[in-house]
Student: 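Before I ask anything, let me first share the structure, which is written out below as structure tokens.
What you are looking at is a predicted structure, and each value in this text was computed from that prediction instead of being measured. Letters A, B, ... mirror the listed sequences (proteins, then strands); counts begin at 1.
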Amino acid sequence: MMDEKTTNGELTEENTPMEIPEKESTDTTVKENTLKAAETLKDAKTDETACVAKKKFNWHFDSWKGWIYLSPAIVLLLIFTIWPIINTVRISLLEGYNGMDAIGGMEFEFGIDNFSTVLQADIFLTCLKNTMLLCVLTVPISTILALLIAVCLNAIKPLQRFLQTVFFLPYVTNSIAIGMVFAAMFNIVGRPDQEHLVETWGLINSALSIFGVDPINWINAGSEYSANIAVIVIYTVWNALPFKILILLGALQSINKQYYEAAQIDSTPRWRVFTRITVPLLSPMLAYVIITGFIGGFKEYSNIVGIFGDTMGPVGDAGRLNTMVGYIYEIIPDGYYGEASAAALILFAIIFVVTMINLYVSKKKTHY
Amino acid sequence: MKVVLQNLTKIFPSRNKKSGEEVVAVNDFTFEIPDGKLVGLLGPSGCGKSTTLYMISGLQKPTAGKIFFGDEDVTDLSPVNRGIGLVFQNYALYPHMTVKQNILFPLQNLKGEDKMTKEQMLERAHQAAQLVQIDELMDRKPSELSGGQQQRVAIARALVKMPRVLLLDEPLSNLDARLRLQTREEIRRIQKETGITTVFVTHDQEEAMSISDLIVVMKLGVVQQVGKPQDIYDNPTNLFVAKFLGTPPINVFKGKVSAEKLYIGEQAVLDVKGVEDCDVTVAIRPEGFMLDENGPFSCKLSNVEVMGRDVSVVSTHEESLNPIIRSIINADNKIDLTAQEIRYSLKPHKVFLFDAKTENRIYFE
């Protein structure tokens, strides 16, 4: 253990003077310093015993070895993550870039044409609206529900483990498959105007009929937009809960019990314990859950495919429920790479801004 | 408000159901804490002192026995209704609230007749802060305070609702040595000023001795001795109490009594009238040794540690149950360091005899 530690420590020491000239080669003082450092290193090498010299050799060997160990991950990241990001930026700035034309040897001019085209496209604006609406609805609902469920789970002793598992199950299921199950539940066979066909409604409508509610056309042809959104929100919240419950339950269990004992001695009412102690102490984790919730929400796609199929809308209204990611996927096969890239970057910018706002607010509100 | 503990017992069920071993944390504890006194519960870890404190607070329910505050039986009352202030070992200050919010928190919970206006609450919080001398720190967060300051805030928070009894769980254990000295005097002062009956828990005998009106020494859930600090020090009822109190620790020897003389090894070191012949354990306080060239008790001299006013003489003896014998001698005495041997005579009131088997005190005249 000791050996590893010392070599690592020396490794970083060694590396710094070597890296500085690359980064700030214009800075003469830095150069001088590095030269000096190199000199002293040389001196040290010659002056000191063979044992130390051997150790120095080891650093080089170790740093060389380190890069080898890292190389599979680095190479893969460069090829499949870093380069695509750079290329996306490049393509988004090439006006009218199209895959086929590019292969054909066509040259494209630089410009922001793609962005303006995307931002003026009605379909894109529909997708933007849908995405925003889903985010604004699902993130608060799922966070509040998750918080309540986590607090309740934390309060009970028997069956806690079992219920924890039950609540976690949606997390390990496939969202397309479960989406199809949800679609079946919300399905309506036949339409209200074709009463002779309405024999079997979906599970939800059957359940509602017990309370005397007329069957609602949730997802089928001719359904209302609001009904569609309601189904997606219910499904998305259900799908997002497990992760949030898991995180919040973990955070709850790590809160020092003495805060609650102190509150108990001070005869604090339960609701006040929740709002004044539990929530503030959970706030860092709540912030994390909300931020990741928004990021996930903006990338919403598969839940809608699961329920409505890749037409992204009820029969007869294809694309009505499309999201930003859905839009990007949709235009790529048609060769609109430039616009797809621009849309991806716009999505990135939105997520970035929302996350920054989240971080800013959470810094003010959380106590750490 | 006097606090009466009557046959208080706490048994924790075993965690492992198969082994079925129960843990008796507190066993048949009967004690009356007089009104307005500062009482220290003292004992090694696991002796049940904290459990006792938590039972007084109401956070833990006794398995058997009763607790009275004054004449009121509070055994079945929840902590809320007992009117106690508790200072936790690690203070349990709410980290997201300022000092002021922390101190105000208990007051904001008051309901019904006790409900206070904002001005009254601020006034009370201010008084409490002044009492513990933290009024200039009111807008800081606990993380911006030193350990000693956090301790004061915790005490202020416990005192602000004017509890009938103040409970402190290891109040000084998280402080460094210097702060510890300061804070224990501070606790003493605050207790004197408010006159609140106070119980605190500690494993540090010096801490307990220095500020308590009364000390309760506990071991494995059983009370060993109750009394004023000096009385317990001068008159321990058993070997455990004698060993637990005092720094440097008491010196313990194997010995026997024969013909009303106390023998340590072959040496007859002291006349002990009224004691029948038996094997005993002898405990001698470090200050119970007097240098005496013709003294009856001879030890091998190891070295001498200078402490200024006094010197601490380290020596060894075959019959000693501790690796070394430490005696405290006035520095005016000259000690020949080259000598192999050092001879003492003993102060009879600093020598305690205990039955070798039961470890109970054997009194002599």
Student: Between A/S175 and A/S302, do the side chains contain a donor N or O and an acceptor N or O under 3.5 Å apart?
Tutor: yes

Student: Taking B/D135 for its side chain and B/Q130 for its backbone only, find out whether a donor-acceptor pair lies under 3.5 Å.
Tutor: no

Student: Relative to chain A, which of B/L107, B/N90, B/I84, B/L86 shows the most heavy atom pairs under 4.5 Å?
Tutor: B/N90

Student: Heavy-atom pairs under 4.5 Å with chain A are the metric here; pick the option from B/L93, B/V87, B/L110, B/N81 that has the most.
Tutor: B/L93

Student: For B/L172, does its backbone N or O pair with a side-chain atom of B/R184 as donor and acceptor, under 3.5 Å?
Tutor: no

Student: Checking B/Y54 against chain A: side chain, backbone, both or neither under 4.5 Å from a heavy atom?
Tutor: side chain

Student: Picking from B/P106, B/A154, B/A158, B/P163, which has the most non-hydrogen pairs under 4.5 angstrom with chain A?
Tutor: B/P106

Student: Give a yes or no answer on whether the side chain of B/K10 reaches the backbone of B/A25 with a donor-acceptor pair at less than 3.5 Å.
Tutor: no

